[in-house]
Number of protein chains: 2
Amino acid sequence: MPSPRPRTRIQQRNSETILAAALDIFSQQGFRGATLDQIADLAGLSKPNLLYYFPSKEAIHTALLTDLLDVWLQPLRDLDPAGDPLAEILTYVRRKLDMSRDMPRESRLFANEVLQGAPRIEATMTGDLAALVEEKAGVIHAWVTAGHIAPVHPKHLIFSIWALTQHYADFDVQVRAVLGPQEPDPYPDAAQHLETMFIKMLKV
Amino acid sequence: MPSPRPRTRIQQRNSETILAAALDIFSQQGFRGATLDQIADLAGLSKPNLLYYFPSKEAIHTALLTDLLDVWLQPLRDLDPAGDPLAEILTYVRRKLDMSRDMPRESRLFANEVLQGAPRIEATMTGDLAALVEEKAGVIHAWVTAGHIAPVHPKHLIFSIWALTQHYADFDVQVRAVLGPQEPDPYPDAAQHLETMFIKMLKV
DNA sequence: TAGCGTTATGACCAGACGGTAAAATTCTTA
DNA sequence: TAAGAATTTTACCGTCTGGTCATAACGCTA
């Protein structure tokens, strides 16, 4: 569920400012690495003032994660059982890659959390997430059975899509270090590469 | 370069114990999330005793990372330009996946570091790592040009291998949450999935 | 513009943390 | 086995950090 809506204009504005700053800091430093002072500084507020809007550091982090999970899984929810199988999967890949490009901080926030054992979203992982994947894996399995795409392990296909697309956000510094400064934007090549890859993998 | 060799038996044993404990803690909590007390407890030493063997928390972390990088890149170094192209790449994938299975803590240690901007291994990233990938990308490019494997962007192929294999270590809790308790070992299916995937991708 | 609820600030606290100093203990070897 | 080196422990320090509290400033509306 998304964070409760603030009631006044000032609350609205400051809550957003805080969450934006917190996303910056948490995604770069992890939960324990981030400090309230850093977040407050970046938000242009004093620490006590920040704690006027959120009861604790934990609460800010939780608010970010809960808001994020909704957005994060939307592309998978949108996978349409009635659509063209290959096109549906390619669209999913494309949208996930676009999210890595446009929301790298969100990707890293999520990665940080999962890396450290997902202590704060364990329930969602084994609940909503597992159920959603179960459902969509069923869709993919049906496509395979019907001969619309090549045989593939549905859940591992989904893992592959997550891994390949999120890698460009989570390991951004490594990607850029390897490509060198003359290749400032990895994404066009990545998109091309992934599209080719999944077509070869899934075409019957 | 690897950590300097300890001189006495006790130093040997305790250094190893400390590094083993530190790997556990750092890989699970990140650098700032880990505390010397945690590491000392797990190693069965007092904190000052621990600091008798390593001058600082930073030094322990650096020792781990430097030792690791050597091991981590070995499979890529072993990619043989004279070998059979498809077999070479499949072996590389296989070895990286085995490393995720057998050294998940090392994978997460590395992931934590890169996620947070790789502040402590920036030099290696843009130096040795970039050079190694440049060299091996050349090998792959030559294989493509010679028509031994299907056309592919060499560096993004390498990224794909990293992403797909390390995902199983770094996002382990998510993988297990999605697969559910009746599927306790993801690796056999993952190995099968990845092999099929890369064969389809690379076969001419 | 007075009054009241909302928002912001400064001073502060308790605990955690990385690290140090020096004394005490254990180990090695001459 | 005694001396000296290596190892371990006890007590401690300064700083950082999440969070509190009382007070002050602000801003809306009657």
Side-chain angles (χ1 to χ4, degrees), chain A residues 3-66 109 112-113 116 119-120, chain B residues 3-66 109 112-113 116 119-120:
Chain A
S3 345
R5 292 280 150 262
R7 303 199 155 69
T8 76
R9 266 200 306 269
I10 294 182
Q11 267 177 33
Q12 171 83 31
R13 187 173 49 89
N14 281 350
S15 298
E16 280 169 13
T17 309
I18 291 169
L19 288 175
L23 176 59
D24 249 52
I25 304 293
F26 280 134
S27 66
Q28 204 191 337
Q29 318 262 7
F31 180 74
R32 294 216 38 188
T35 75
L36 287 179
D37 288 296
Q38 286 177 308
I39 298 172
D41 277 2
L42 190 58
L45 300 173
S46 66
K47 185 168 58 173
N49 198 16
L50 187 147
L51 287 164
Y52 172 74
Y53 291 97
F54 291 88
S56 68
K57 183 184 178 183
E58 182 90 33
I60 305 176
H61 192 253
T62 302
L64 278 175
L65 271 180
T66 345
L109 180 77
N112 258 308
E113 183 67 12
Q116 310 196 353
R120 282 167 270 269
Chain B
S3 346
R5 293 276 151 266
R7 304 202 153 68
T8 75
R9 266 199 305 268
I10 295 181
Q11 266 177 36
Q12 172 84 31
R13 186 173 51 90
N14 281 350
S15 298
E16 280 170 13
T17 308
I18 290 168
L19 288 175
L23 176 58
D24 249 52
I25 304 294
F26 279 134
S27 66
Q28 205 191 336
Q29 318 265 6
F31 180 73
R32 293 215 42 187
T35 75
L36 288 179
D37 288 296
Q38 287 176 306
I39 298 172
D41 277 2
L42 191 58
L45 300 172
S46 66
K47 184 168 60 173
N49 198 181
L50 187 147
L51 288 164
Y52 172 73
Y53 292 97
F54 291 89
S56 68
K57 182 184 178 182
E58 181 89 34
I60 305 176
H61 192 254
T62 302
L64 278 175
L65 270 180
T66 343
L109 180 76
N112 258 307
E113 182 67 12
Q116 310 197 354
R120 282 166 271 268

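Just so we're clear, the structure is a prediction, and the values are computed from it rather than from any experiment.
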Can you tell if the side chain of A:T17 reaches within under 4.5 Å of the side chain of A:L45, non-hydrogen atoms only?
-> no

Contacted region of DNA chain C by chain A, from 5' end to 3' end of the hits, cut-off under 4.0 Å to heavy atoms, spans C:dT6 to C:dC17

Nearest heavy-atom approach of A:A40 to A:S46 is CB-C, 4.0 Å

Please work out which residues in residues 33-51 of chain A have a non-hydrogen atom less than 4.0 Å from an atom of DNA chain D and list them by number.
-> A:A34, A:T35, A:L36, A:K47, A:P48, A:L51

With heavy atoms under 4.0 Å as the rule, sort A:R13 into base, sugar-phosphate or nothing.
-> nothing

Tell me: OH of B:Y53 to C1' of D:dT9, nearest whole Å?
-> 13 Å

Atom CZ of B:R9 to atom P of D:dT7: distance rounded to whole Å?
-> 11 Å

Nearest nucleotide by nearest heavy atom, which residue falls closer to the 5' end of DNA chain C, B:I10 or B:S56?
-> B:S56

Going through the distances and angles, do B:R32 and B:Q116 end up as a side chain to side chain contact (heavy atoms under 4.5 Å, CB included)?
-> CA-CA 11 Å; B:R32 293 215 42 187; B:Q116 310 197 354; 5.7 Å; no

Using a 4.5 Å cut-off on heavy atoms from C-beta on, say whether the side chain of B:F31 contacts that of B:R120.
-> yes

Parallel under 30°, tilted from 30 to 60°, perpendicular over 60°: which one fits the rings of A:F26 and A:H61?
-> perpendicular

Enter the distance from A:L23:CG to A:L65:CG here, rounded to the nearest 0.5 Å.
-> 10.0 Å

Whole-Å gap separating C1' (D:dG18) and CD1 (A:I60) = 11 Å

Between the CZ atom in A:F54 and the CG atom in A:N14, the distance rounded to the nearest 0.5 Å is 10.0 Å

What distance do B:I39 atom CD1 and B:K57 atom NZ have between them, rounded to the nearest 0.5 Å?
-> 7.0 Å

Short side-chain N/O contact from A:R32 to OP1 or OP2 of D:dC16, under 4.0 Å = no

Short side-chain N/O contact from B:Y52 to OP1 or OP2 of D:dT8, under 4.0 Å = no

